[in-house]
Amino acid sequence: YLNTANDMTLAKQYFEKALVDFKQLNQTKNYYTVLNNLGIAYEIEGNNDQALLYYNQVYAYAKSENDELMLGNVSYDLALNYRSMGNSKKAVDYFNQTFAYYAKLGYIEGLRNVSFELRKLYEAEKDYQNAYLQLQTFTTYSDSLKKSSNLEELVALKKDYQFGLEREQ
């Protein structure tokens, strides 16, 4: 809902209701996933301190559960939040944490996104050497995703072709 509505008040209301529901249902992981989304809503509104409170709660939960995907995702959100607060050092630290979690999970799209954000951050800091390295990393992961997508398309076309040949016989 957050991505489509552009009505943060309504999005936050839905998230807060979902938090109550998940707490009552004892669905802890869903509770913290929604809490992270609530943090994103506050960050979009520019309330970075409130977002940080939520992100830190999610981070502590994910750490206690050793949930590496959630740790990667919330680290990414923390990095974006710190960057928008002007704290580049903490942003880089959290982006690097995110990269490590995503690399361990083999999450290529996430790795591409982190390298893109790091490139922007380094470029803004006029650290062109690191910006260039991140651009190379971004390109590598983007190419990998394109190759994977192209391979899927080729396999689908081959199946369509074989199916067409079978229908003709």
Side-chain angles (χ1 to χ4, degrees), residues 1-6 8-9 11-12 14-16 18-19 22-23 27-149:
Y1 198 78
L2 179 63
N3 291 331
T4 59
N6 263 350
M8 286 305 119
T9 301
K12 290 188 307 189
Y14 280 115
F15 290 146
E16 294 198 14
L19 286 175
F22 286 136
K23 190 167 203 131
Q27 293 186 4
T28 309
K29 185 170 184 172
N30 289 336
Y31 175 87
Y32 283 100
T33 298
V34 170
L35 193 64
N36 195 69
N37 289 336
L38 193 54
I40 292 169
Y42 277 101
E43 185 179 343
I44 288 170
E45 287 184 328
N47 190 342
N48 298 90
D49 292 331
Q50 187 65 42
L52 196 57
L53 289 174
Y54 292 134
Y55 293 151
N56 284 329
Q57 289 177 52
V58 175
Y59 189 87
Y61 166 77
K63 193 85 165 159
S64 73
E65 296 295 312
N66 198 30
D67 185 330
E68 292 180 338
L69 182 58
M70 186 179 278
L71 279 166
N73 291 340
V74 72
S75 294
Y76 185 80
D77 294 330
L78 280 160
L80 293 173
N81 194 52
Y82 276 117
R83 184 181 66 195
S84 68
M85 294 172 76
N87 190 335
S88 296
K89 183 183 177 338
K90 278 197 174 187
V92 168
D93 290 344
Y94 278 108
F95 278 134
N96 286 331
Q97 282 184 37
T98 303
F99 196 90
Y101 288 122
Y102 288 169
K104 189 173 181 183
L105 295 168
Y107 181 31
I108 294 173
E109 188 174 352
L111 293 167
R112 180 201 59 190
N113 295 344
V114 171
S115 58
F116 178 77
E117 294 299 335
L118 275 168
R119 180 200 58 82
K120 289 191 328 188
L121 190 143
Y122 285 130
E123 197 172 274
E125 297 288 315
K126 297 187 182 349
D127 181 349
Y128 297 113
Q129 181 178 1
N130 278 320
Y132 179 70
L133 292 172
Q134 291 302 322
L135 177 61
Q136 288 178 313
T137 303
F138 171 77
T139 302
T140 299
Y141 287 118
S142 291
D143 288 349
S144 177
L145 288 170
K146 286 177 190 165
K147 286 177 188 172
S148 176
S149 175

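Residue numbers run from 1 in the order of the sequence given.
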Query raised in the report: How long is the span from the NZ atom in Lys23 to the CG atom in Asn30, to the nearest 0.5 Å?
Result: 14.0 Å
Report task. Could you check Gln129 against Asp127 for side chain to side chain contact (heavy atoms under 4.5 Å, CB included), going step by step and ending with a plain yes or no? Result -> CA-CA 6 Å; Gln129 181 178 1; Asp127 181 349; 4.1 Å; yes
Report task. Ignoring hydrogens and angles, state whether a donor on the side chain of Asp93 or Asn96 is under 3.5 Å from an acceptor on the partner side chain. Result -> no
Query - Among Tyr101, Tyr82, Phe99, ring pair (Phe, Tyr, Trp, His ring centres under 6.0 Å) partner for Tyr94 - result: Tyr82
Query raised in the report: Which heavy atom of Ser88 sits nearest a heavy atom of Leu121, and at what distance?
Result: CB-CD2, 4.2 Å
Query raised in the report: For atom NZ of Lys12, is the number of surrounding heavy atoms from other residues, nucleotides or ligands below 6.0 Å larger than 12?
Result: yes
Query raised in the report: Strictly by modelled atom types, are Asn73 and Asn36 linked by a side-chain donor-acceptor pair under 3.5 Å?
Result: no
Query - Inter-residue atom distance Glu68.CD - Ser75.OG, 0.5 Å rounding - result: 11.0 Å
Query raised in the report: Is the Tyr107 ring parallel, tilted or perpendicular to the Tyr102 ring (thresholds 30°, 60°)?
Result: perpendicular
Requested in this report: Determine, stepwise, if the pair Met85 / Asp49 fulfils side chain to side chain contact (heavy atoms under 4.5 Å, CB included).
Outcome: CA-CA 9 Å; Met85 294 172 76; Asp49 292 331; 3.5 Å; yes
Query raised in the report: Does the Asn48 side chain pair with the main chain of Glu43, one donor and one acceptor, at a distance under 3.5 Å?
Result: no
Query - Nearest non-hydrogen partners of Arg83 and Ala91, listed with the distance - result: N-CB, 3.7 Å
Query - Straight-line distance of Leu105 CG to Leu111 CG, nearest 0.5 Å - result: 9.0 Å
Requested in this report: Kindly indicate, with the supporting measurements, whether the criterion side chain to side chain contact (heavy atoms under 4.5 Å, CB included) is fulfilled by Leu133 and Asn130.
Outcome: CA-CA 5 Å; Leu133 292 172; Asn130 278 320; 3.8 Å; yes
Query - From Glu123 atom CD to Leu118 atom CG, the distance as rounded to the nearest 0.5 Å - result: 12.5 Å
Query raised in the report: Any Lys/Arg nitrogen of Glu117 or Lys120 sitting under 4.0 Å from an Asp/Glu carboxylate oxygen of the other?
Result: yes
**Report entry** Asp77 side chain near Asn81 side chain, heavy-atom distance below 4.5 Å
**Finding:** no
Report task. May I ask you to check whether Tyr122 and Tyr128 place their ring centers less than 6.0 Å from one another? Result -> no
Query raised in the report: Thinking salt bridges, do Glu65 and Lys29 make one under a 4.0 Å N-O criterion?
Result: no
Query - Spacing of CG belonging to Asp67 relative to OG1 belonging to Thr33, to within rounding of 0.5 Å - result: 8.0 Å
Report summary line: When rounded to the nearest 0.5 Å, the distance separating CG of Leu78 from NZ of Lys90 is 9.0 Å
Query raised in the report: Step by step, would you call Phe15 with Leu19 a side chain to side chain contact (heavy atoms under 4.5 Å, CB included)?
Result: CA-CA 6 Å; Phe15 290 146; Leu19 286 175; 5.5 Å; no
Query raised in the report: Any chance the side chains of Gln50 and Asn47 put a donor and an acceptor closer than 3.5 Å?
Result: no
**Report entry** Tyr55 side-chain N/O to Ile40 backbone N/O, donor-acceptor pair under 3.5 Å
**Finding:** yes
Requested in this report: Describe, in one word, how the ring planes of Tyr76 and Phe95 are oriented to each other, choosing from parallel (under 30°), tilted (30 to 60°) and perpendicular (over 60°).
Outcome: perpendicular
Report summary line: Minimal heavy-atom distance between Tyr42 and Ala51, with the atoms involved, is CB-N, 4.0 Å
Query raised in the report: In terms of side-chain heavy atoms, does Tyr132 have a donor or acceptor partner in Gln136 at a distance below 3.5 Å?
Result: yes
